[in-house]
Each structure stands twice: as structure tokens, then as C-alpha cells.
Amino acid sequence: MTETPAIELRGVCRDFRRPRTSLREAPPVVRAVQDVSLSVGRGERFGVVGESGSGKSTLLRLICGLDRPTSGEILVEGRSIGDQPARRLRWLRRRLQLVFQDPMSSLDPRMRVRDIIAEPLVSQGIGGDHGARVTELLGQVGLDPEAARRYPHQFSGGQRQRISVARALAPDPDILVMDEPVSALDVSVRAQVLNLVDEIVDGLDLTLVFVSHDLSVVRHVCDRVAVMRAGEVVETGETERLFSEPGHDYTASLVAAIPDLHAALAGRSAQDLARGVGPAS
Amino acid sequence: MSEVQGAAADAVTDSGQAPAGGSPGRRLNPSLLVGGAIVAVVVGLALLSYVWTPYAPMRVLPVEPYQTPNAEHWLGTDRLRRDVLTQILVGARTTLFVGFVAVGVAALVGVPLGILAAMSPGWLGQLVMRGNDVLLAFPALLLAIMFAALYGGSTRVAMIAIGIATIPAFARITRSGALGVMRTEYVVAARSAGRSPLGIAVRHVVPNVAGLVIVQASVSFAIAILAEAALAYLGLGTPTGQASWGRMLYEAQTTLRSAPHLALIPGAAIALSVLGFNLFGDGLRDWLDPRLEDR
Amino acid sequence: MSRAGDRTVLAVEGLDVGTGHTPLLHDVSFAIARGERVGLIGESGSGKSLTALAVMGLLGEGLHARGDVRLSGRTPATRNLLEVGEREMARLRGDAVSMVFQEPMTALNPTMRVGAQVAEVMRIHGTRDTAGARARAVELLDQVGLPDPAHLARSYPHELSGGQRQRVVLAIALANDPALLICDEPTTALDVTVQATVLDLVVRGVQEREAAMLFITHDLAVVATVCERVLVMYGGRIVEAGPVGEVFADPRHRYTQGLIGASDLTGEQGRRGRGALPTIPGTVPPAGRFPDGCVFRSRCAHATDECGTPPGWTPRGGADGRGSAPDEAEEQAGSAPGEAGRAAGYACFHPAGDAA
């Protein structure tokens with residue numbers, strides 16, 4: 001079975017130049033992503049986990065064609081996107097869609113929900129009855145058709161995230177990339193959105209890339225996970241394997257640091273948590 | 001899924017009744033109403049002057065000069081025996097004309113420049129803003145005086161000079177607003193949806209900086225009216241023989257003690273319309289913001 | 001554990017907070033004893049931060065508090081904190097009661113060295129002279145696990161990482177050995193590994209001083225790790241309270257039950273491929289739009305007409321002998337729910353676990 005992977009990264013690096021601090025020395029360079037190679041199969045649910053500064057957000061921008069790698073190659077469905085100018089990436093915009101963390105700032109407050117959801121259709125010149133499509137999409141994410149003529153601020157956080165998902169689904173993509181989609185939500189709403197993601201990814205047969213700092217959420221959602229630290233992928237593996245027998249010390253300390261209700265009730269204290277992380281970071 | 005329908009039903013109850021459709025902000029606020037009324041009166045006076053004035057504009061009448069308001073001349077007469085009410089009506093035209101043209105020039109040039117500066121990183125954006133800073137170094141009046149010296153004093157020169165001098169204010173406020181918009185995730189979302197930079201500017205940046213621009217416009221409008229008055233007062237704007245509120249103030253200076261109403265009447269007209277445009281601008285901004293409609 | 005009055009550090013009784021027309025907190029009552037760590041959980045809009053601000057006397061303009069809040073630290077609890085003036089309250093803050101906020105960057109003054117900020121709180125309250133405060137500041141920075149504290153004391157907040165900043169905030173909060181430490185989501189903005197160390201430091205700092213702690217968070221697992229007792233808040237009311245082990249293992253209020261089900265990603269139903277997570281339908285209503293009677297009934301699957309009237313407080317284990325053995329205080333509370341009666345119980349007509 002040598003099917004083309006949905007997403008493939010080969011030796012991808014992304015450097016950022018810091019502002020010059022001295023006239024004589026060259027400006028310092030920050031390696032946000034360092035030699036990352038990975039492959040996401042079609043229909044797979046792939047997680048990217050890392051703490052702040054791990055480079056996961058930069059990696060996500062690279063995969064979405066919103067930024068270009070300094071070196072290396074990025075293939076989406078077998079086609080290279082790394083070296084393409086933005087206007088040659090129309091096909092990518094159709095195949096791959098993005099859902100953001102903050103459901104407030106990711107929706108234009110001055111646009112009605114129907115215009116927000118139809119935006120990918122309009123900007124990509126996809127024809128057909130946009131109104132009917134918007135109604136269909138609202139139904140898919142569990143919102144009333146009546147929502148179409150309202151503004152984002154009239155919805156709660158979880159509902160806004162549903163609108164975000166509807167917008168992403170509008171051009172009928174194959175790949176859904178989600179950047180911390182539940183981090184800003186309350187627990188009761190988080191469960192609703194996680195269930196929706198589950199339903200949609202299964203129902204529409206999507207490939208999912210799910211970026212999060214929260215290992216327990218990733219564990220719930222994903223089949224396979226890449227753990228990032230300081231721009232590098234330190235470990236990739238099946239989610240359950242990664243949790244039960246982490247192959248890298250950093251993964252182990254990440255797993256150990258997650259507060260867990262059951263473990264806490266069984267007597268795990270804050271001190272035990274901290275001990276798992278090792279010496280103060 | 002029942003919980004999902006519950007969530008949708010909540011959205012309806014959360015914010016009271018459903019929006020009526022059409023205009024975004026449905027509730028008219030007091031600023032908008034009062035400001036709009038004042039603006040309407042000023043515009044009405046200017047329009048009225050085209051079809052009716054108590055006396056022919058600028059005509060010297062065979063009556064006593066320096067009359068205080070009376071039944072014959074509602075606002076009195078000036079030094080040259082002209083009817084003050086007639087001049088106020090005709091002067092409203094000049095004042096509005098100057099305000100609209102000056103603000104129009106400034107906004108039409110300044111807003112696109114500001115958006116361009118915000119959306120193009122690197123040297124282009126820098127260049128635009130540095131050029132802007134150079135322009136900002138010239139006060140509106142000084143620029144107008146230079147223009148008047150070069151092209152002669154006239155209403156048209158005055159308003160174009162005021163307009164050019166106001167460009168940086170628009171460019172600056174637009175740029176800072178646009179930079180904020182460009183950092184939001186909905187712009188990234190629009191990019192990943194395949195929107196072109198022009199599409200992003202039109203669909204996302206302009207509507208979201210509109211509030212700032214409107215407020216700036218109302219402030220600039222007020223400044224333009226005052227600047228026109230100042231120029232006329234200096235004898236550099238509207239020439240003699242043409243009515244403008246500023247011109248009237250200018251001519252009243254010599255008789256400030258003996259006939260104060262000649263200064264007070266155009267002064268009050270200027271102050272009232274400045275207030276009106278400011279209120280109108282604030283009100284319009286709030287009215288256009290869909291987020292304020294439930295308050 | 002005896003609930004003798006002299007061990008009580010904070011006693012809140014019948015606290016109501018609201019704006020002119022909108023009630024935001026209703027009849028909030030709880031007590032925290034010396035050395036006790038109590039968690040306050042709930043979703044955004046439940047009123048948990050407001051409770052902390054009311055205790056600290058930091059309610060914003062237009063918010064009014066009624067009720068009784070007593071703090072016994074260095075001085076006996078003779079006065080209702082809601083009635084003392086701002087000057088007296090300012091003397092208490094940072095001394096007998098201190099607070100750690102969610103966002104460590106905004107809690108620190110960006111133009112002042114961190115050592116000076118730690119020393120300042122001791123100088124303000126006259127606990128130490130200038131030289132003593134400076135030396136103690138370095139000690140405190142060392143206690144919160146910051147490397148090379150003498151050197152670090154001379155840095156500015158922006159030169160530190162988020163976790164380091166939160167440790168500085170903690171050092172400031174602990175500087176005067178407060179009788180009560182209030183933590184409002186202190187680790188929400190931090191990475192998990194940093195969170196683990198900061199939680200450990202918070203617990204240690206409180207234990208060493210035998211201080212009472214009120215720990216506010218939306219993260220149930222964090223509360224279970226850090227606290228002994230938990231208060232569950234919804235719609236500005238405490239809907240359930242009790243020892244962490246009992247409340248989380250055997251929740252009685254339907255909201256608590258829903259919250260636990262929805263947040264449990266590692267338990268039976270949480271794992272990948274085990275089907276949908278249990279959810280609480282709908283969303284938290286905006287302030288002032290909670291239903292009458294039981295505030296949770298608009299989202300509760302078990303709600304009946306009865307829930308239109310406010311449910312009373314049922315002591316845990318009082319009715320059917322479940323849970324902890326009722327002590328004297330709780331038995332009394334059955335008839336008149338007093339301060340001690342609120343220690344463990346719930347406000348629900350159809351509690352989970354009854355006739356399941």
C-alpha cells in the first residue's frame with residue numbers, strides 16, 4: 001500500500017531573523033522549526049503536541065501555506081507547497097482548511113455568520129447556491145439555520161467554534177487543521193466541540209491535524225502524535241504507546257505533568273506531579 | 001443531537017429578539033439623533049439658500065448698518081448694510097463645501113495609504129509612513145498659507161490645502177487600526193480561505209477601521225471648518241464678496257465692541273455645526289458596530 | 001477534624017454580590033480553616049473570581065456586596081470585611097490575605113526590579129526594614145525555586161519566563177506569611193510542566209505557613225491534586241461542597257456530575273474510540289439570565305417542575321447515611337443551614353446516586 005500521504009514534511013526548517021542588536025555582528029537567527037520530517041496518512045488523526053515556544057504554531061503555519069520554510073520540502077497530497085507563491089496555492093486553500101484557537105478573534109465581528117461561512121466559497125470562486133450550502137453547513141455543526149443572519153458576538157464561545165468549523169468545511173476540504181480549537185473553551189463546552197470534531201472527521205472522512213498543548217485532549221482525539229520541543233520533533237508514535245511507554249524523556253515528563261482526576265483521587269499530590277517533571281525548568 | 005439544538009435555541013434567547021435584518025445596528029443612539037439633527041439643520045440651511053434668502057446675497061441694502069436682530073432683519077445687518085441671516089445661509093454652503101471637500105481629499109488619500117502601509121511589510125510600508133511624517137510636520141494653516149501664496153487665496157485653494165494637511169491624520173489612524181486587524185485570526189482565516197490581499201483589505205480591514213475613520217472624519221470636519229474660518233480671518237481663504245462664516249468673523253473683528261452680535265452669530269453657527277458633526281460621527285460609529293446593538 | 005471556631009481563618013456567610021439590577025452571587029457561604037486547602041470550581045461566568053474579589057474587597061465600580069465576611073489572621077475576626085473602609089482593607093491585603101492572579105505579567109510592575117517588588121510588600125506593611133526586606137526577598141525567591149536568586153532579584157519582569165514570573169508573584173503573596181492565600185487560576189496561562197512545579201510550590205508555601213488557601217480554577221484535575229475540599233459553583237451559587245474524594249468520586253449535584261463527565265478525557269469514556277463524551281447541553285447563560293429556582297435547571301436533564309423553587313441545602317450523608325459520617329455540626333445544620341452545615345452537601349432536588 002504505497003498511497004501518497006496527505007501531508008509530508010521532509011527536513012523542514014524555518015528560521016526567523018531577530019532584529020539586529022549590534023552593528024558589527026550579524027542579526028541573531030532563531031530556529032523556530034528545525035529539520036522536521038513527518039508524514040500524515042490519508043484519513044489519519046494526527047496530533048502535534050508541544051509547550052509554548054516548541055515551534056508547533058510555526059509548523060502549523062507552514063503546513064497551511066501561510067508561511068514558507070527556510071529549507072526543506074512540504075508536500076500536501078503529493079504536491080509541493082513550500083516554494084510556491086501565495087497565488088499558486090489556490091488548490092491548497094480548497095483541500096486544506098484551518099480552525100483557530102480563539103473563537104472570538106477568528107471571526108470578523110462585522111460580518112454576518114452567512115458571509116463568514118461563505119468566505120472560502122466566495123474567495124475561491126466556488127459557484128452554486130451559497131445560501132443553501134451555508135444552511136447545510138450550519139446543520140452539520142449543530143446550529144440553527146437562523147444563525148446565518150446573526151453576528152459572531154451574539155454566540156457563546158462554543159457556538160462560535162462551531163461557526164469556525166462550518167467555515168472550514170465550506171469548500172469541502174480533505175484535510176482539517178485545528179490549532180488549539182478547545183483551549184479557550186469551558187470544560188462542558190469543550191466536550192461538545194470534541195464530539196463535533198469526532199463526528200465530522202469520521203462522517204466526512206477527513207484527515208485531521210490537531211495541534212495542542214494539552215496532551216489529554218490530543219490523546220482523546222488523535223491516533224498518532226508528534227511531540228515537539230524547541231523546534232524539533234523529539235518523538236512520534238501511536239498515541240496510546242506514547243502514553244504508556246514514552247520513548248523520550250521529554251515525552252515522559254510531559255505525560256507525568258498532566259494533572260489527572262483519577263490519579264489525584266488515588267493520592268497523587270502536587271509534589272508527585274512536580275517530581276515527574278524533574279528539576280525545575 | 002438534542003444538546004446541539006439546545007445550544008442553538010440558547011443563541012436566540014441569549015440576546016433577546018432576533019435582529020430585524022437590514023442595517024447592522026438597529027438602535028439609534030442619542031448622539032446620532034442629536035448630531036444628525038444639527039447636521040440636517042446646517043445642510044438644510046445651505047440648501048435653502050439656493051432657493052430662498054431674505055435678501056439677495058451680498059447685496060448692500062439701503063438701511064442702517066450695525067442693526068441688532070429685529071423684525072425686518074432677523075439677525076441684524078453688518079457694517080456694509082448687508083443682511084446677516086442671508087449671509088449665514090449662503091455661508092453655510094461655503095462652510096459645508098470646504099468641510100466635505102477637505103475631509104474627502106484627506107480620507108480618499110489617507111485611508112488607502114494607511115491600509116497600504118499596514119499591509120505591506122518592509123520598505124514600502126516604511127516609505128509611506130515616513131512620507132506621512134514629513135507631511136505631518138507642516139501645520140494645516142502653514143500649508144494653506146503657502147498654497148495661498150502660490151496660487152492666490154480662494155475657497156478652493158483653502159480646502160485643498162486643508163485636505164492635504166489632514167491626510168497624515170487619516171493615514172496614521174487607519175494604519176494603526178489596520179495593523180490591529182491584520183494581527184487577528186480572522187485575517188489569517190481569510191488568507192487560508194484563499195482571499196487575495198485586496199479582498200482582505202476590502203472585506204475585513206475597511207469595515208473594521210471604519211469606526212476609527214468616521215470619528216477621525218468628524219473631528220477633521222470640525223477642524224476644517226475652523227481652519228477655513230481662520231484662513232478667511234487672515235484674508236487668505238474665501239475672498240471678499242463671497243459669504244462664509246469665517247469671512248463674517250473676520251469682518252466683525254473691528255466692531256467687536258460696538259456690535260458683538262456680528263461676531264457672535266457666525267461664531268455660534270461654527271460652534272454648533274462642529275458639535276453637530278462630532279456627535280454625528282460618534283453616533284454613526286456606534287450605530288455601525290453590530291456588537292453594540294444589544295446594549 | 002474539629003470545626004472549632006478558633007481554627008477558622010475565613011468565614012463567608014450569605015454573601016450576595018450584584019450590580020444595580022443583576023444579582024451575580026447569591027447566598028454564598030463557606031469557611032476555610034487554618035492549613036486547609038479549598039478549591040472553588042466552575043465554568044466562566046459561574047462567579048468564582050467574583051467571590052475572591054469580594055473577599056479581597058476589590059469589587060469594581062457599580063458592584064455591591066452584602067453579607068458577612070470575616071477573616072481571622074493576626075487579629076481576631078470581629079469585623080465584617082464588607083463593612084470596613086478601603087484604608088483598613090488595604091492594610092489587610094498583601095498581609096493577612098494575599099492573592100495570586102492568572103496573568104503573572106500584568107501582576108508585576110514592568111519598570112521595577114523583581115527583588116524590589118518582593119521587598120516592597122514587606123516595607124509597605126512594616127514587617128521588615130529596608131535592608132531586612134531586601135535580604136528576605138532573596139530568601140523568598142530562593143524558596144519558590146528560582147535559580148541564583150540574588151542575581152535574579154535584580155532582573156525586570158520581562159527578562160523572566162512566564163513560570164518564573166508566576167513564582168515571583170507567589171513570593172510576593174507569601175512574603176508576609178498571610179493567614180489566607182487566594183489563587184485565581186494561577187497556572188492556567190502556564191505550560192503543563194511549569195504548572196506542575198508551580199502547583200507544588202504553592203502547596204508547599206501554604207503548608208509551611210499553615211495558611212488557609214482558596215484555590216480557584218476550572219480544571220477539576222488540578223483541584224483534585226491540590227485541594228482537600230472543594231466548592232462547586234454555578235450561576236453565582238455554591239451548588240455542592242465537600243471533601244475532594246467524595247465530591248469527585250460520588251457527585252450528588254447534577255451539575256457536578258456533568259462537569260466531571262465532560263472533563264474526564266482519561267477515564268472510561270474519555271479514551272479515543274470509546275464513543276461520544278458525556279456533555280452538559282447548552283451553554284452557561286450570561287449573567288442575570290439564569291433561571292429562577294435551581295440555577296442549573298435550564299441545562300439539566302433531570303429537572304422537573306419542583307426545580308422552579310430554590311432547592312435547599314442537603315448535608316451530604318445526612319439523609320441516607322452515604323458519604324462521610326455526619327458529625328454534630330452537620331446534624332444541626334439539617335434544620336438550620338449554618339456556616340458549618342455548608343461544609344459538605346449539595347443543593348439539588350434530584351441528586352445523582354439516589355434511586356439510580
Side-chain angles (χ1 to χ4, degrees), chain A residues 61 64-66 86-87 89-94 96-112 115-116 119-126 138 141-147 149-156 158-159 162 164 167-168 170-171 177 179 189 192 195-196 199, chain B residues 1-26 122 177 180-200 202-212 285 287-295:
Chain A
R61 292 173 61 86
C64 298
L66 295 167
R87 68 195 140 76
L89 289 178
R90 293 233 128 174
W91 63 270
L92 179 71
R93 307 285 177 231
R94 188 152 187 171
L96 181 150
Q97 282 287 310
L98 191 54
V99 174
F100 297 87
Q101 170 175 3
D102 182 352
M104 194 66 234
S105 86
S106 59
L107 305 176
D108 188 335
R110 305 220 171 217
M111 275 167 94
R112 285 179 196 276
D115 297 325
I116 290 171
E119 180 161 45
L121 304 176
V122 173
S123 28
Q124 294 171 27
I126 298 171
L138 283 171
V141 299
L143 287 175
D144 207 77
E146 187 267 347
R149 55 199 185 85
R150 303 164 71 85
Y151 288 92
H153 72 96
Q154 296 172 303
F155 296 87
S156 68
Q159 292 165 342
R162 289 173 194 272
S164 258
R167 169 175 61 189
V177 178
D179 184 11
V189 178
Q192 295 173 9
N195 285 345
L196 174 71
E199 216 174 274
Chain B
M1 287 176 81
S2 65
E3 90 237 18
V4 158
Q5 277 147 12
D10 271 359
V12 181
T13 49
D14 277 3
S15 51
Q17 74 278 50
S23 58
R26 297 151 296 145
V181 175
M182 291 305 288
R183 272 194 290 270
T184 60
E185 284 187 335
Y186 58 79
V187 166
V188 183
R191 284 176 64 197
S192 76
R195 275 258 197 234
S196 63
L198 186 65
I200 289 173
V202 172
R203 288 297 284 156
H204 296 287
V205 179
V206 170
N208 280 290
V209 298
L212 288 174
R285 174 201 53 196
W287 186 68
L288 284 175
D289 192 337
R291 279 163 296 188
L292 293 177
E293 71 181 18
D294 299 328
R295 305 265 161 87

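What you see below is based on every heavy atom in this structure, not just the backbone, and it leaves out hydrogens, waters and symmetry mates. What you see is a predicted model, and the numbers here were worked out from it, not measured in a lab.
Smallest separation of non-hydrogen atoms from A/Arg110 and B/Asn208: CG-OD1, 3.2 Å. The heavy-atom pair separating A/Ser106 from B/Tyr186 by the smallest distance is O-CB, 3.2 Å. Considering every non-hydrogen atom in both B/Ala193 and A/Glu119, the closest pair reads CB-CG, 4.4 Å. Listed here is the closest heavy atom pair of A/Arg93 and B/Arg191: NE-O, 3.1 Å. The shortest non-hydrogen separation linking B/Pro290 to A/Pro109 is CG-O, 3.2 Å.
Of the listed residues B/Ala210, B/Ser196, B/Ala190, the one with more heavy-atom pairs under 4.5 angstrom with chain A than any other is B/Ala190.
A donor-acceptor contact shorter than 3.5 Å links the side chain of A/Gln97 to the backbone of B/Ser192.
Annotation: the span from B/Arg203 atom CZ to A/Asp115 atom CG amounts to 5.0 Å, rounded to 0.5 Å.
Contacts between B/Val187 and chain A at a heavy-atom distance below 4.5 Å are absent for every atom of the residue. With a threshold of 4.5 angstrom between heavy atoms, B/Arg183 does not approach chain A through any atom at all. In this structure, the portion of A/Met111 lying under 4.5 Å from any heavy atom of chain B is its side chain and not its backbone. In this structure, the portion of A/Leu107 lying under 4.5 Å from any heavy atom of chain B is its backbone and not its side chain. Only the side chain of A/Arg61 comes within less than 4.5 Å of a heavy atom in chain B; its backbone stays farther off.
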